[in-house]
**Q** 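Questions regarding the structure given below will be posed in turn.
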Number of protein chains: 2
Amino acid sequence: MLTQKAKYGLKALLMLAQQEPGEFTLVAEIAARQKLPRKYLELILLELRKQGFLHSQRGKNGGFRLAKRPDEITFGQIIRVLDGPLAPFPCASLTGYRKCEDCTDEQVCAVRKQMRRVRDAMAAILDSTTLADAAAEGLAQEGPADPVPAIALA
Amino acid sequence: MLTQKAKYGLKALLMLAQQEPGEFTLVAEIAARQKLPRKYLELILLELRKQGFLHSQRGKNGGFRLAKRPDEITFGQIIRVLDGPLAPFPCASLTGYRKCEDCTDEQVCAVRKQMRRVRDAMAAILDSTTLADAAAEGLAQEGPADPVPAIALA
DNA sequence: ATTTTCCCTAGCGATTGACTAGAGAATACG
DNA sequence: CGTATTCTCTAGTCAATCGCTAGGGAAAAT
């Protein structure tokens with residue numbers, strides 16, 4: 001499970017991805033339009049700015065805008081910044097690896113092996129889905145073709 | 001991220017899946033062999049028993065054993081019982097659906113759409129991987145053939 | 001009856017999640 | 001210049017959850 005923080009961040013960025021490029025949007029407006037708590041959203045956007053996803057400007061006509069093109073920002077990047085590693089367990093993570101205290105032989109741990117597969121599946125989707133992709137798919141009424149070819153078997 | 005609880009549960013069940021069918025194993029022995037906190041593990045096994053995964057017996061020669069065959073118990077089932085829904089957000093869950101407070105139009109929510117895809121990918125793996133599968137794969141030195149054919153693209 | 005083992009309820013300390021408050025600094029504008 | 005606007009930053013709060021531990025109760029075997 002991801003946190004509200006990640007959800008709010010994703011929603012905000014996705015909204016900004018649909019603004020005119022270069023145009024600034026107020027935190028207050030994002031919060032209002034997306035029904036998110038304003039002060040909390042401020043913190044989140046600040047964090048995203050520090051990580052290079054957003055550019056901001058103060059004072060009148062200020063606000064936030066994307067610091068990159070929407071097709072350069074992936075869901076995976078955003079989630080990792082706001083919520084940490086994707087993997088179900090730290091021992092199965094690439095970006096946030098940490099070994100289990102209880103694991104005697106990690107090379108053989110069957111649980112870890114399966115969780116690595118889960119991580120890979122999640123990363124395959126989230127690291128290849130950009131804000132642009134999601135925005136486009138959101139607009140399509142009923143997407144017939146799937147950009148990422150199914151999820152393999154069942 | 002999953003909790004320790006789910007990890008402990010998976011490890012314990014996986015160990016029981018490798019015992020002689022019908023044979024009881026003590027909580028104390030599982031805890032020792034897997035290096036898990038004994039009292040906490042008790043709670044977890046109790047929960048798994050109440051959910052029908054384990055059979056237990058008290059007194060001398062007692063202990064726990066699987067209540068089903070290892071190929072009838074999936075990772076998905078276990079995780080859902082111990083940690084709740086797989087989906088990144090409740091609004092993207094099938095088994096534990098709950099709508100977002102902030103979502104105005106759920107049918108169009110692009111975040112939800114992507115998270116649904118992630119959920120599906122996770123479920124495809126976890127609901128098709130049984131204790132028997134994991135135990136078998138664990139024994140293989142270096143599995144050349146993947147039971148679930150890759151994770152689709154990159 | 002006694003030992004073994006699971007069964008069950010309680011509780012607890014630390015962390016984290018999900019925020020809110022409020023002052024400070026930059027920017028625009030009249 | 002001054003004032004309104006808007007982001008920036010640090011704190012703090014409150015409740016829930018995680019990750020356990022404690023300890024007695026009940027069933028089974030001997």
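Below, chain A is the first sequence line, B the second, and so on; all start at residue 1.
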**Q** Would you indicate which nucleotide in C:dC6, C:dT4, C:dA28 comes nearest to any side-chain atom of B:Arg58?
**A**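 That would be C:dC6.
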**Q** To the nearest Å, how far apart are A:Arg65 CZ and D:dT6 P?
**A**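 Whole-Å distance recorded here is 17 Å.
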**Q** What's the shortest heavy-atom distance between A:Arg116 and A:Ala92, and which atoms?
**A**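 That closest heavy-atom pairing would be CD-O, 3.4 Å.
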**Q** Counting just side-chain N and O atoms, does A:Ser56 come under 4.0 Å of either OP1 or OP2 of D:dT6?
**A**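 Looking at the OP1 and OP2 atoms of D:dT6, neither is under 4.0 Å from any side-chain N or O of A:Ser56.
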**Q** Would you check if there is a donor-acceptor pair between the side chains of A:Gln77 and A:Gln51 at a distance under 3.5 Å?
**A**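 Looking only at side-chain atoms, A:Gln77 and A:Gln51 do not form any donor-acceptor pair under 3.5 Å.
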**Q** Output the distance between atom CD (B:Glu23) and atom CG (B:Leu16), rounded to the nearest 0.5 Å.
**A**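 So the CD of B:Glu23 and the CG of B:Leu16 are separated by 10.0 Å.
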**Q** When the distance from CE of B:Met1 to C1' of C:dT15 is rounded to whole Å, what number comes out?
**A**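 Distance, rounded to whole Å: 15 Å.
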**Q** Figure out the CD/C1' separation between B:Gln4 and C:dT16, and round it to whole Å.
**A**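 Interatomic distance, CD of B:Gln4 to C1' of C:dT16: 15 Å.
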**Q** Rounding to a whole Å, what distance do you find between A:Leu2:CG and C:dA18:C1'?
**A**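 Rounded to the whole Å, the gap is 15 Å.
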**Q** Name the residue closer to the 5' end of DNA chain C, choosing between A:Tyr8 and A:Lys60 according to the nucleotide with the nearest heavy atom.
**A**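 Checking each residue's closest nucleotide, the 5'-ward one belongs to A:Tyr8.
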**Q** Please list, in numerical order, the residues of residues 21-52 of chain A that have a heavy atom closer than 4.0 Å to any atom of DNA chain C.
**A**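 Correct list: A:Pro37, A:Lys39, A:Tyr40, A:Leu43.
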**Q** Identify the heavy atoms of B:Leu14 and B:Leu131 that sit nearest to each other, and give their distance.
**A**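 Nearest pair, atom of B:Leu14 first, then B:Leu131: CD1-O, 3.6 Å.
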**Q** Check the phosphate of D:dT6 against A:Gln57, side-chain N and O only, distance under 4.0 Å to OP1 or OP2. Yes or no?
**A**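 Result: no.
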**Q** Output yes when A:Glu47 and A:Lys5 qualify as a salt bridge under the 4.0 Å nitrogen-oxygen rule, no when they do not.
**A**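 Yes, this pair counts.
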**Q** Is it true that B:Asp83 and B:Lys7 make a salt bridge, defined as a side-chain N closer than 4.0 Å to a carboxylate O?
**A**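 Salt bridge: no.
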